[in-house]
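The next block holds one structure in the form of structure tokens; read it before the comments.
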Number of protein chains: 4
Amino acid sequence: MSPTSNHGRSPHRPAREDASAIAAQPRTATGSSSANSSRRSEAARLAVLNAADDLLVEHGFEGLTIEGIAAAAGVAKQTIYRWWKSKVDILFDNLVLDAGSGLVWPTDPADPADLRAYIHRFAAFLGTEPAGHVLQALLGHAQLDPRTAELLHTGFLDALRARDVAHTRTALGIPEDEAAALLDALLAPLYHRALVLRLPLDPAYVDGLLDQHVPR
Amino acid sequence: MSPTSNHGRSPHRPAREDASAIAAQPRTATGSSSANSSRRSEAARLAVLNAADDLLVEHGFEGLTIEGIAAAAGVAKQTIYRWWKSKVDILFDNLVLDAGSGLVWPTDPADPADLRAYIHRFAAFLGTEPAGHVLQALLGHAQLDPRTAELLHTGFLDALRARDVAHTRTALGIPEDEAAALLDALLAPLYHRALVLRLPLDPAYVDGLLDQHVPR
Amino acid sequence: MSPTSNHGRSPHRPAREDASAIAAQPRTATGSSSANSSRRSEAARLAVLNAADDLLVEHGFEGLTIEGIAAAAGVAKQTIYRWWKSKVDILFDNLVLDAGSGLVWPTDPADPADLRAYIHRFAAFLGTEPAGHVLQALLGHAQLDPRTAELLHTGFLDALRARDVAHTRTALGIPEDEAAALLDALLAPLYHRALVLRLPLDPAYVDGLLDQHVPR
Amino acid sequence: MSPTSNHGRSPHRPAREDASAIAAQPRTATGSSSANSSRRSEAARLAVLNAADDLLVEHGFEGLTIEGIAAAAGVAKQTIYRWWKSKVDILFDNLVLDAGSGLVWPTDPADPADLRAYIHRFAAFLGTEPAGHVLQALLGHAQLDPRTAELLHTGFLDALRARDVAHTRTALGIPEDEAAALLDALLAPLYHRALVLRLPLDPAYVDGLLDQHVPR
DNA sequence: CAATAACCGAGACGGTACGTCTTGTCTTGCG
DNA sequence: CGCAAGACAAGACGTACCGTCTCGGTTATTG
């Protein structure tokens, strides 16, 4: 869990006011992370997140149950309900965690090649275990449940898009609306291929897509 | 239910070998509908399909239960299980039914404008109640459940795509691979906008998209 | 379950209007018992009652759980909740069942010795497994829970007392108030000894008590 | 809490070896009360006892929870568990406390009328809030739980009976076995009426009972 | 023109998981 | 150390649906 996201730490009570699940610099040293207010058990938190990830891969989203997670994590059911509302919430925390470490832009000196690199990274993230499984499951479930859709968008996708548009702008030196359009032109086929066509996002395909839209 | 689809009529027993849920000509005269072998109650079948549609809109996919459908349809639970394996199966039948009447290409004399018309029709289908709700729900659920994915692809999406590629070819007089690429370039943004961005597919947007890819 | 008691048969829905759980002749031939309205499973009913009895003796009232009964009876929890409101209800049915077969007065020709015999029978019933355990548990729980008290009195104790007073009257040929007073004088020490002093109700003690109050 | 009872003061650790919860002279000056060794908070102790009493009357025995008592007393749960094993233990302390002040024999110069007075006092104690509620609840729970039965008898009822038999002897100048039999003859109907018949122990009834067994 | 077989409604059944509740233990600061 | 606060593992509670299984009561051919 990125220290800038308090999602899992201080749960539903204080209402999600977090505006940037995807921090530009998720890794900034926040000594304040030691402001680890509550007496929450870190061991239990991690055991739950890992168990959920494992069981999602093993049994699929439908076969993922709170009772199963609790049993696999060696944790009481109530400990889960104390900190998460639902299995969707748990997976969301996993998504934020994984995105924080796996969905990053190359660091500072902006370079047009950064976009290519990032799109490749995104395709790998969406298309591979376990993070991609989680994102696909949450996107799928968001079609079925408005609360999941709300959480996924305001808590993750919106921030991700804003960040990516900004990076694209600075990387290519183009205006915001152009950056957004370019990003959509690149991401739409990836999502389409993964969610609708269910075909693999192999690097060759991604390269072809990039060649179409961004000059090498 | 299109008479060329035996999905809902003679169910899981004879194993789904239906290859063209989306018939090119779903409306072929079927006096043969009297080949209606079994003593299945048409009233019950329709009551179930309608109840499922209504309850999907009312309570969402998760809140849709077999018991609820049975109660709303005034039908015994066993009557549902006799003809459908799951609520996904019921929704699938509804999808095929709705697609048969709402996702058609203009009839015969091929015309380049047909593609524009069809894409508009598709956007309207995906974006509006209740058929779009059903398709979105099934696409969402397909991310969570491989059996749903299998059913949706081999039973609907693959046939739809094959048909649409063929129509695009004849409408524009282009080779198959070009037709497929063009179709993807048009559909990917629509799916992306509907499933990921959750924005409306208004005609203005669709027109803009078409202007980008197909000469007016 | 005595056929004159509909307690377990037609459960909480039709509201307990049964006025004579303790029928004078619980065994009256009622071929009509086959007027067994619902399709309730007799096997499940008996399995639950027996399991409850066994587990009460084994683990005590507090250690008796619905889940445990369901597991021991090889029955789904919901099957128990369908027909009984609580474990108290199950025990009550057992009590009525056991009382019907074990708490009977000698048959017709009234004889002063009948009272002696019945009091001995009562002492044995109250003091021995498993029926006595059930009655003691329900009497104990009635001190803690008004609903149990209500059920036990209006559904069992009142009818028992009325029946016993009537029998005492005809057996000894005395007026009702005298019969009631005599019965109280005999039962109070038995209950006191069983519930408060927790001493055994051996036949010698009962004989002594009888000698004190009824001429041999 | 009587100072001669260390029940609540030094709890389960030193194992209850107290033989006379009901001291003949509960009020004997025990300067040793300053043996108030530990740093136990008297305020917390009293808050717990009072809260338990209040909540027993308000919600009944079953609705009485340790957490509820802790909350109502403004005390941490652990503080309760530090000093009492269970809610039964807390109620027991309350019983001893109340009995110490409400269930006393007239003082010294022995007089035959003392028995009448004491029986009236006992009936009032058993039949009225809150002390009677506690005793009835504990008697009821003793039917369900052997540990409660053990505690109630060895910790309270046995000593009470011994004391009462002794007082009866000296008050009426009769041998011990006669005193015990007389006491049983008086108490059995009271317990029977309170626990089984659930009728009020009004003074008129008690007078009638006394007239039956002890010459005025 | 019965009989016989499938369908139908109703709903009980053995199960699984839900989300809530309480228990009794443990840990973390404060005074 | 006692204490308030409260997280924790454990597990029962009562509810909702699941998918299977009778039960009688219609139809609707078919022998």
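The figures that follow rest on heavy atoms only: side chains count, while hydrogens, waters and symmetry mates do not. If you're wondering where the values come from, they're calculated on a predicted model, not measured in any experiment.
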Exercise. Is there side-chain contact between D/W83 and D/R45, with heavy atoms separated by less than 4.5 Å?
Worked result: no
For this session: Examine F/dC8: is either OP1 or OP2 under 4.0 Å from a nitrogen or oxygen in the side chain of A/W83? Give yes or no.
Result: yes
Starting from [atom2] on [N], measure out to [atom1] on [X] and report it in whole angstrom.
{"X": "A/W84", "N": "F/dA7", "atom1": "CH2", "atom2": "C1'", "value": "13 Å"}
{"X": "D/R82", "N": "F/dA4", "atom1": "CZ", "atom2": "P", "value": "8 Å"}
{"X": "B/I90", "N": "F/dC18", "atom1": "CD1", "atom2": "P", "value": "10 Å"}
{"X": "D/I80", "N": "F/dA5", "atom1": "CD1", "atom2": "C1'", "value": "13 Å"}
{"X": "B/H59", "N": "F/dA16", "atom1": "NE2", "atom2": "P", "value": "14 Å"}
{"X": "D/I69", "N": "F/dA4", "atom1": "CD1", "atom2": "P", "value": "14 Å"}
{"X": "A/E42", "N": "E/dT27", "atom1": "CD", "atom2": "P", "value": "17 Å"}

Can you name the salt bridge (charged side-chain N to carboxylate O under 4.0 Å, His left out) partners of [X], sequence neighbours left out?
{"X": "A/K87", "answer": "none"}
{"X": "C/E58", "answer": "none"}
{"X": "B/E62", "answer": "none"}
{"X": "D/E150", "answer": "none"}

Seminar exercise, completed: Residues C/I90 and C/I69: closest non-hydrogen pair is CD1-CD1, 4.0 Å
For this session: Please report how far the helix from E/dC1-F/dG31 to E/dG31-F/dC1 bends, comparing the axis fitted to its first five pairs with the axis fitted to its last five, to the nearest 10 degrees.
Result: 10°
Problem set entry | Sequence neighbours excluded - salt bridge (charged side-chain N to carboxylate O under 4.0 Å, His left out) pairs with any residue from residues 64-81 of chain C | C/E67-C/K77
Protein-nucleic acid N or O pairs under 3.5 Å, nucleotides 19-25 of chain E:
from, atom 1, to, atom 2, distance (Å)
E/dG19, OP2, A/Y81, OH, 2.5
E/dG19, O5', A/Y81, OH, 3.4
E/dG19, N7, A/K77, NZ, 3.0
E/dG19, O6, A/K77, NZ, 2.7
E/dC21, N4, A/Q78, OE1, 2.9
E/dT23, OP1, D/I66, N, 3.2
E/dT23, OP2, D/I66, N, 3.4
E/dT23, OP2, D/E67, N, 3.4
E/dG24, OP2, D/Y81, OH, 3.0
E/dG24, N7, D/K77, NZ, 3.1
E/dG24, O6, D/K77, NZ, 2.7

Exercise. Got a sec, which residues hit side-chain hydrogen bond (donor to acceptor under 3.5 Å, both in side chains) with D/Q78, two or more places apart in sequence or on another chain?
Worked result: none
Seminar exercise, completed: By side-chain hydrogen bond (donor to acceptor under 3.5 Å, both in side chains), C/D145 pairs with (sequence neighbours left out) C/T148
Exercise. Under the side-chain contact (heavy atoms from CB on, under 4.5 Å) test, which residues partner C/A76, sequence neighbours left out?
Worked result: C/T79
For this session: Identify, with sequence neighbours excluded, every residue that meets side-chain contact (heavy atoms from CB on, under 4.5 Å) alongside A/A47.
Result: A/A73
Seminar exercise, completed: Closest to the 5' end of DNA chain E, once C/G74 and B/T79 are matched to their nearest nucleotides, is B/T79
Seminar exercise, completed: Assign each of B/V75 and A/G63 the nucleotide of DNA chain E bearing its closest heavy atom; nearer the 5' end lies the nucleotide of B/V75
Please list, pair by pair, any protein nitrogen or oxygen found under 3.5 Å from a nitrogen or oxygen in nucleotides 27-31 of chain F.
none

Problem set entry | Along DNA chain F (nearest heavy atom to each residue), the more 5'-positioned of D/A76 and A/S41 | D/A76
